[in-house]
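Worksheet for the structure shown next.
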Amino acid sequence: MEQLNLLGVALGLAALAGINLYLTVFVTGLAINQHWITLAPQYQSLEVLSNPVIITVAGVLYFLEFFADKIPWVDSAWDTVHTIIRPIGGAFLAIQVLGHTSPVFDIVILLLAGGTSLVAHTAKASSRLVANASPEPFSNIGLSLVEDVGVFGGLALIYYNPLVALVIFGLALAAFLFFAPKIFRAMKAKIWLVFKKLNGPAEAGLPVALPATLPGGLATVFNHHNVLQETIAWAVPCLSGRGRRIPPNLFGALVATNGEPRKVVFVAKKGRGLAETIDLEGMTVARDPKFLSENLLIFPTVGKGPRYLFVFPRSNGAAVEEIVEYLRARLAPVATMTESAREPALQV
């Protein structure tokens, strides 16, 4: 039981260091220095954190992080710099808890604690990257405050019940690893949108010619799906948002064919390939500009039904507008024909 408690303290501190290294060191050192907590004999190695120099340095760095962590994009830049610092700091704290017993044991602890800190850091950084898709700062401030409160709560739990802390941190890490593929897809999508925004200023609404060819990998997927050998009217690269049978954050393309004017197909290289046909009958198509992206919305005109969201780079605003106009024109031929039929009748 004592060994499990030691492991709980070591990995618990490593996990909290992955969220906020400076706050973890500052609060722990200050609590020891001011005798708010009494270290058990097996944790005496943490006494070094009570050194006034360490407390001062950690406090100053936390002061800087407190403000940097609440500014959109500055927080992501700060997280990028700390991708190496936090795992190293977490590994050091774990070694301080468990002590130096043998080189092999030290390396194992370094790997476990460093990996734990890295996972916690990745979870924090990915959540911030997703929040930064919105230009308002309130979500960043809220997340930052929740993280700070979580560090305080985690330290208290480690002190009062290290075994429970170990179980909770283990479950949290397992949950993150389970959802890691989705999280990494979302991070990759946000990074792609940021890169496109920085390298391609938004267009001034000038007409554009929509591409009519697919990249090699997507062309193979589409050709396998296109059993009627229909010709492509246009094919525009995009990200999947939400939609029936379409996972989010997939890199692919939205395709329209000349043979099926009231349908579009989303193709992506997921697994053996994904090709999902969307019937536009009874649907409304709209453009929804966002801070990082131009979104294409497809939803039922009346009542309930499947809804779809496709995400394009911010610089592709003119292309999205062209897509919307194209699809709206294809969805209104019946009304157009009715009006043209009435006109001669009125002249007679």
Side-chain angles (χ1 to χ4, degrees), residues 68-83 121-144 179-206 208 210-211 214-215 217-218 221 234-243 246-255 264-270 274 276 278 285-299 307-324 327:
D69 216 30
K70 293 170 178 60
I71 304 173
W73 299 112
V74 174
D75 58 351
S76 290
W78 185 273
D79 287 337
T80 301
V81 173
H82 286 77
T83 301
H121 165 78
T122 304
K124 170 191 170 78
S126 60
S127 66
R128 291 310 185 85
L129 198 58
V130 172
N132 283 334
S134 174
E136 49 79 24
F138 303 108
S139 55
N140 301 73
I141 294 173
L143 282 172
S144 180
F179 292 107
K182 295 182 179 180
I183 294 172
F184 288 134
R185 278 205 306 269
M187 288 181 63
K188 184 179 178 182
K190 297 303 179 186
I191 292 171
W192 181 70
L193 291 173
V194 171
F195 179 80
K196 289 291 186 180
K197 183 177 176 66
L198 293 176
N199 290 275
E203 297 165 350
L206 299 175
V208 296
L210 299 177
L214 282 165
L218 293 178
V221 176
W234 49 260
V236 184
C238 65
L239 285 167
S240 61
R242 60 175 182 271
I246 302 178
N249 299 311
L250 292 181
F251 286 85
L254 197 63
V255 183
V264 291
V265 181
F266 177 75
V267 293
K269 293 188 291 185
K270 181 183 185 330
L274 172 72
E276 188 64 35
I278 301 170
V285 181
R287 175 188 174 189
D288 183 26
K290 295 295 185 181
F291 177 64
L292 284 180
S293 63
E294 287 281 348
N295 296 347
L296 177 69
L297 306 176
I298 302 175
F299 54 91
R307 296 172 177 266
Y308 300 91
L309 166 66
F310 298 100
V311 182
F312 299 80
R314 189 69 176 87
S315 57
N316 284 16
V320 175
E321 186 62 33
E322 191 73 17
I323 292 173
V324 171
L327 295 178

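Values reported hereafter were calculated over all heavy atoms of this structure, with side chains retained and with hydrogens, waters and symmetry mates removed.
- Phe251 places a side-chain heavy atom less than 4.5 Å from the side chain of Trp192.
- Of all heavy-atom pairs between Phe266 and Cys238, the closest is CE1-SG, 3.8 Å.
- The pair Asp75-Lys124 does not count as a salt bridge, with every side-chain nitrogen at least 4.0 angstrom from each carboxylate oxygen.
- For Lys188 (side chain) and Asn249 (main-chain N/O), no donor-acceptor pair under 3.5 Å exists by modelled atom type.
- Rounding to the nearest 0.5 Å places CH2 of Trp234 at 11.0 Å from CG of Leu214.
- Residues passing the salt bridge (charged side-chain N to carboxylate O under 4.0 Å, His left out) test with Arg287 are Glu294, Glu321, sequence neighbours excluded.
- Heavy atoms of other residues, nucleotides or ligands lying less than 6.0 angstrom from NZ of Lys70 number more than 12.
- In this structure, Asp69 CG and Ser76 OG are separated by 9.5 Å, a value rounded to the nearest 0.5 Å.
- Between the CD1 atom of Ile183 and the OG atom of Ser126 there is a distance of 5.0 Å, given to the nearest 0.5 Å.
- Atoms CG and CG, from Leu327 and Leu254 in turn, are 7.5 Å apart once rounded to the nearest 0.5 Å.
- Pairing each heavy atom of Asp79 with each of His121, the nearest pair is O-CE1, 3.0 Å.
- Using a 4.5 Å heavy-atom cutoff, the side chains of Lys182 and Arg185 are in contact.
- Side-chain contact between Phe310 and Val236 is absent, with no heavy-atom pair separated by less than 4.5 Å.
- The two residues Ala286 and Val324 have their closest heavy-atom pair at C-CG2, 4.1 Å.
- Looking only at atom types and distance, the side chain of Lys196 has no donor-acceptor partner in the side chain of Ser315 under 3.5 Å away.
- Counted within 6.0 Å of CZ on Phe299, heavy atoms from surrounding residues, nucleotides or ligands total more than 12; the atom is thus considered enclosed.
- The backbone N or O of Leu250 sits less than 3.5 Å from a side-chain atom of Ser240, completing a donor-acceptor pair.
- If you take CD1 on Ile323 and CG on Asn316, they are separated by 8.5 Å, rounding to the nearest 0.5 Å.
- At least one side-chain heavy atom of Phe184 sits under 4.5 Å from a side-chain heavy atom of Thr122.
- The shortest side-chain heavy-atom distance between Leu292 and Val194 falls under the 4.5 Å cut-off.
- Residues satisfying the side-chain contact (heavy atoms from CB on, under 4.5 Å) test with Ser293, not counting sequence neighbours, are Leu193, Lys290, Asn295, Val311.
- Of the inter-residue distances, the one linking Ser127 atom OG with Leu143 atom CG reads 5.5 Å to the nearest 0.5 angstrom.
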